[in-house]
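Notes for the one structure printed next.
Just so we're on the same page: letters track the sequence lines, and every chain starts at 1.
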Amino acid sequence: MPELPEVETIVRSLAPRLRGRRVVSAEYLAPRALRGTAEPPIIGHEVREVTRHGKFILLRFDHGALAIHLGMTGKLLIDGEATPYLRAEIVFDKCRLLFDDIRQFGKMAWSTKLPGGPEPFDIDGATFAKMLRARRGVVKPLLLNQGFVRGLGNIYVDEALFRAGIDPRALACNVSVARAVKLHGHIVEVLREAIERGGSSISDYVDADGQRGGFQEAHRVYGREGEPCVVCGRRVLRIVLGQRGTHYCAFCQRR
DNA sequence: ATCTATTCCTGGCTGC
DNA sequence: TGCAGCCAGGAATAGA
């Protein structure tokens, strides 16, 4: 499941391959990939840059950008093998880009307004604390809300809350300023560490060269239900919170 | 603003 | 071995 670190890894592998490349042709094999939006007017145009906005990958052209969201199982592969799950193919002058997506939660659209709160990297702890404490909801669903901060998904929210010692069911407004600042630091830290290790590959995720990430080995709570907490040794619990599997240590994380 | 439930989708599990 | 049933979940959506 591509979250910020996985998308960043993909962008870093895509950018040097696509920068300056001219689109020769494009084919959209699944109507769902474009979700009924107009075909991107990219034929004959050159990619200027490949960037990330939260979990969106942006292929930037002079006249706009193609925004791609990978959903759960989306992959962007340079010169990869076509699979039965191929949703789109963009042929460039020197390579081709395949959009592969088993579950079809991914989507692409031309020059859409990009949603979102700030990137966690773009705000400081004090600003984050102010934002967090102004909200009334439960902290985990709030962190998953892309309109609050961009880029976090289920894995990194569980990991950051564990590192910060905050119960995922805590109310945002009840988190002290000091702990909110600490949480922001841990969010930034866990995202940076995950980017360094090429993201987390739970099942499907690979970068544009088909390489898996390595950060799943460093997960402290996500996917570790029943295993001993790396800090206190008690069993990691799993509950459902906001329709999401949620992993935490009841001893190390408090409300 | 914030909550819940529902929808999308399919491979990979589980259990019989 | 086969097969039904359930599960994973990002985000949009509807309704409260």
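Not counting sequence neighbours, the partners of A:R19 by the salt bridge (charged side-chain N to carboxylate O under 4.0 Å, His left out) test are A:E49. Residues passing the side chain to side chain contact (heavy atoms under 4.5 Å, CB included) test with A:R52 are A:L4, A:V7, A:E8, A:V11, A:E119, A:F121, sequence neighbours excluded.
Side-chain contacts under 4.5 Å among hydrophobic residues (ILVMFWY), followed directly or transitively, place A:F162 together with A:V221, A:V230, A:V231, A:V236. Side-chain contacts under 4.5 Å among hydrophobic residues (ILVMFWY), followed directly or transitively, place A:F251 with no other residue at all. Hydrophobic side-chain contacts under 4.5 Å tie A:V24 into a cluster, directly or through other members, with A:V91. Other residues sharing the hydrophobic cluster of A:L58, ordered by chain and number and joined by side-chain separations under 4.5 Å: A:F56, A:L114.
Salt bridge present: A:E193 and A:R163 bring a charged side-chain N and a carboxylate O closer than 4.0 Å. Between A:D62 and A:R48, at least one side-chain N (NZ, or NE/NH1/NH2) sits under 4.0 Å from a carboxylate O, which counts as a salt bridge. The existence of a salt bridge linking A:E3 and A:K55 is excluded, since no basic side-chain nitrogen approaches an acidic carboxylate oxygen closer than 4.0 Å. A salt bridge does not link A:R22 to A:D93: none of the charged side-chain nitrogens sits closer than 4.0 Å to a carboxylate oxygen.
Residue A:R238 is in sugar-phosphate contact alone, with no base atom involved, counting any heavy-atom pair closer than 4.0 Å across all strands shown. Among the atoms of the strands shown, only primed sugar atoms or phosphate atoms (P, OP1, OP2) are found under 4.0 Å from some heavy atom of A:G245. Using a 4.0 Å heavy-atom distance criterion, A:Y222 is classed as a sugar-phosphate-only contact.
For the pair A:M72 CE and B:dT7 P, the computed distance is 18 Å after rounding to whole Å. Per the geometry, CZ belonging to A:R103 stands 13 Å off P belonging to B:dC9, to the nearest Å. Between the NE2 atom of A:H69 and the C1' atom of B:dC8 there is a distance of 14 Å, rounded to whole Å.
Residue pairs meeting the side chain to side chain donor-acceptor pair (under 3.5 Å) criterion with at least one member in residues 120-143 of chain A, sequence neighbours excluded, are A:D124-A:T127, A:K140-A:N154, A:K140-A:D158, A:K140-A:T246. Residue pairs meeting the ring-ring contact (aromatic ring centres under 6.0 Å, His included) criterion with at least one partner in residues 218-245 of chain A, sequence neighbours excluded, are A:F215-A:H219, A:H219-A:Y222, A:Y222-A:H247.
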Give every pair of a protein N or O atom and an N or O atom of nucleotides 1-4 of chain B that lie under 3.5 Å apart, one pair per line with the distance.
from	atom 1	to	atom 2	distance (Å)
B:dT2	OP1	A:R136	N	2.6
B:dT2	OP2	A:R135	NH1	2.7
B:dC3	OP1	A:V138	N	3.4

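Taking 4.0 angstrom as the limit, A:Y85 places none of its side-chain polar atoms (N or O) nearer than this to OP1 or OP2 of B:dC9.
A heavy-atom distance below 4.0 Å to DNA chain C is reached by these residues of residues 145-156 of chain A, ordered by number: A:Q146, A:N154.
Over its length, the helix from B:dT2-C:dA16 to B:dC16-C:dG2 turns its helix axis by 40°, as judged from the five terminal pairs at each end, rounded to 10°.
Counting 5' to 3', DNA chain C first comes under 4.0 angstrom of a heavy atom of chain A and last does so at the ends given by C:dA8 to C:dA12.
Inter-residue side-chain proximity for A:R255 and A:R169 is flagged as met; some heavy-atom pair is nearer than 4.5 Å.
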